[in-house]
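Please read the structure below before turning to the comments.
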Number of protein chains: 2
Amino acid sequence: MTTQRQRLTPTAEPNGRRVTILDVATRAGVSPSAVSKVVRNAYGVSPAMRSRVRAAIDDLGYRPHAGARAMRGRSYSIGVVVTDVGSPFQIDVAHRIAVGLESTPYQESITSGGTSATQYRSRIDALVDRQVDGLVLVAPWIDPAEVAEIAATVPVVTVALHGTTTDFDMVVDDEELGARLVVNHLVELGHRRITLTSMPSLDWEEGFRLSHTARRDGFERAVRAHGLEPDVMDSWYSEDAGYAATLAALDRPQPPTAIFAGADIAALGALRAADERGVHVPDDLTIVGYDNIFAASIPRVSLTTVDASGAVTGDAALRLLLERIEGREQSVQYVVAPQLVVRGTSGPAPASR
Amino acid sequence: MTTQRQRLTPTAEPNGRRVTILDVATRAGVSPSAVSKVVRNAYGVSPAMRSRVRAAIDDLGYRPHAGARAMRGRSYSIGVVVTDVGSPFQIDVAHRIAVGLESTPYQESITSGGTSATQYRSRIDALVDRQVDGLVLVAPWIDPAEVAEIAATVPVVTVALHGTTTDFDMVVDDEELGARLVVNHLVELGHRRITLTSMPSLDWEEGFRLSHTARRDGFERAVRAHGLEPDVMDSWYSEDAGYAATLAALDRPQPPTAIFAGADIAALGALRAADERGVHVPDDLTIVGYDNIFAASIPRVSLTTVDASGAVTGDAALRLLLERIEGREQSVQYVVAPQLVVRGTSGPAPASR
DNA sequence: ATGAAAGCGCTAACAC
DNA sequence: GTGTTAGCGCTTTCAT
């Protein structure tokens, strides 16, 4: 009880001043550089000194000033930019990174990318201003050329950006495969008229593609492989758009027997459209999503979908990033295989007459 | 490790060095402090100088070094700690803060609080190390005494922490009122046997309460106001727990006619239990949740619930925090009224027929 | 193995 | 209104 126990706030000094490395050095009777070495687990400290310094650190409740560290060495923070905080996959990825970082000296700083490419870019810049030691960009909306520029300054790992580059690391769910799994599933069930509701590709998507484009490409390829002609409606990944697209599809003279909504959120809209029209799912119409969001698992919804495992993706992204920070020079691409999750909204095609 | 990196933004510097305030000053033919003033929109700069400096900044693509700024002045970053990234309310709050910050020089840094009080605390500490100018703590799991300590160092706004304090600002959804709205709704529908499934309170919750405790208190009070005896089951806010609690309640000799699940996620479990048992909702059993998560709005679910508006809450929290940073000394409590959202899972009590 | 000293990029006094 | 100067707390040579 005689010594200053570890204070919760770093203000063990008599005056309210923040505890600095100098205070610790004085207390331990060593030099500031010695303390610095201990803090960073650097080479060249005797065990004796190490323990004395550690004790002083505890006594004083010393915590290194991140800004000051960032000026000379590392900031020990890594930035994560997600585009859609409403996406469970993206949240999962971010969460896994946060969890994985717990056993490291790093801390994540998550930010949501905003609604435009400009905004997205400015978020990244702000992170770079904060001297993040690395960056994970989930489903980046900006031109990969820009990503490459950024990657020249700081290690970058992209998630859900499809393509090939030597400028940064990438982790992708194999969404072409995911789409193929869906198509195969549908064809096995006897479906021949399958409609995909998708999203328009972005301008820069040559060489690189975002999720929806990869899914569309995978869909078209898989459908053709079965000798069918792909039917794709340009829509959007939203509940309303899925609803509208489905109504339009059902209004055709020859409506599809299966709708692959491209994303669960759109599939929910499709489901609503079918329910309202009195079209029974899956007897009259099969609906499949992608993403395996939480709502898809609700028994009353029971949506057949594709699971991309944000956990595996997040783990991989973090590992790649830390490797880069440690000095790896070569770029790496990490591909995760998705899984089909068959639930209640998919069934045999209605007997063709 | 030290490969020659390319520059991030168009810079006139020949080597890859970062553009500093000195470079800008030289380019504009002024002093560094002048540049600093322009950047911070500080007082005492002539329009002529301002525009020259701005031009130099643009030419060079200068961006202030956040760490260096943090050493002398502000870090221009504010920390947001959420406990549950799966909670749409919390995500909403964080998102609104991010959006609100867009028109300010500040940037948010969101972090998820982890699964224990210790972890939660260490996340906060890491944020404080980064010299955040302010902190928003959403549903903080740590003892309010600790929050007060932190608030002595940096402005703090808590969200969803019920109580009174002069040490920090609070934004709360009036969850007692929310619970009362639910009870009144149920009683009006003729229900007399109403069961609340809730969560155990934390140790420190005397004087302060977290959401579930406030909801429980509100429930008990409202039920008594109608001359009934409160029936509360200790459970948890999860799908499985809601499921199990509902099965247990239905197994009673005198099962309830209405279950107030305390949270939507638990209500979904309750719904599953009822569906599995062949108990029709709402004819045989009414189920009500709280939070208005996305899944509650799906037509096939159509859950009656209470909406707390994460948007309004987030806006308020940010406003309060910025006021504090600007110098307000007095603490403020901001209470948001929730709204009952009546959907398809609530109906007239069966017993009264 | 340890410490002295020189900055990192910026802001805030205080000169002019 | 503008420039000069002195650090903020830390890491990193480079002595010893």
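Note: B/Tyr106 and B/Tyr76 have tilted aromatic rings, judged against thresholds of 30 and 60 degrees for the angle between ring planes.
Following rounding to the nearest Å, B/Gln131 (CD) and D/dC8 (C1') show an atom-to-atom distance of 10 Å. Atom CZ in A/Arg18 sits roughly 14 Å away from atom P in D/dC8 (whole-Å rounding). Taking atom CG of A/Asp23 as the reference point, atom P of D/dC8 lies 12 Å away to the nearest angstrom. Taking atom CZ of residue A/Arg52 and atom C1' of nucleotide C/dT2, one finds them 11 Å apart after rounding to whole Å. The nearest whole Å value for the distance from the CG atom in B/Leu22 to the C1' atom in C/dT11 is 14 Å. Atoms CG (A/Asn41) and P (C/dA1) sit 15 Å apart, rounded to a whole Å. Separating the CD1 atom of B/Ile21 from the P atom of C/dC8 is a distance of 14 Å, rounded to the nearest angstrom. A/Arg63 has its CZ atom 16 Å from the C1' atom of D/dC10, to the nearest Å.
Between A/Arg328 and A/Asp169, at least one side-chain N (NZ, or NE/NH1/NH2) sits under 4.0 Å from a carboxylate O, which counts as a salt bridge.
Judged by distance alone, with hydrogens and angles left aside, B/Ser33 brings a side-chain donor or acceptor within reach of the base of D/dT4, the pair sitting under 3.5 Å.
More than 12 heavy atoms of other residues, nucleotides or ligands sit less than 6.0 Å from atom CD of B/Glu326.
Partners of A/Arg96 by salt bridge (charged side-chain N to carboxylate O under 4.0 Å, His left out), not counting sequence neighbours, listed by chain and number: A/Asp315.
When each of B/Val39 and A/Val45 is assigned the nucleotide of DNA chain C with its nearest heavy atom, A/Val45 is the one assigned upstream, toward the 5' end. Comparing A/Arg40 and B/Tyr43, the nucleotide of DNA chain D nearest to each residue sits closer to the 5' end for B/Tyr43. Heavy-atom nearest nucleotides on DNA chain D were determined for B/Gly44 and for B/Met71, and the one closer to the 5' end corresponds to B/Gly44.
In this structure, A/Thr20 does not reach the D/dG9 phosphate: none of its side-chain N or O atoms is under 4.0 Å from OP1 or OP2. At the phosphate of D/dT11, OP1 or OP2 sits under 4.0 Å from a side-chain N or O atom of A/Arg69. Applying the 4.0 Å criterion to OP1 and OP2 of D/dT11, one finds that A/Ser36 has a side-chain N or O inside that range. At D/dC10, none of the side-chain N or O atoms of A/Tyr76 fall inside 4.0 Å of OP1 or OP2 (strictly under the cut-off).
Nearest nucleotide to the A/Arg72 side chain, out of C/dG9, C/dG3, D/dG9: D/dG9. Looking at the side chain of A/Met49, the nearest of the listed nucleotides C/dG3, D/dC10, D/dG3 is C/dG3. Here the nucleotide nearest the side chain of B/His65, chosen from C/dA1, C/dC10, C/dA6, is C/dC10. The side chain of B/Lys37 sits closest to D/dT2 out of D/dA6, D/dT2, C/dG3.
No side-chain N or O of A/Ser77 forms a donor-acceptor pair with one of A/Glu108 less than 3.5 Å apart.
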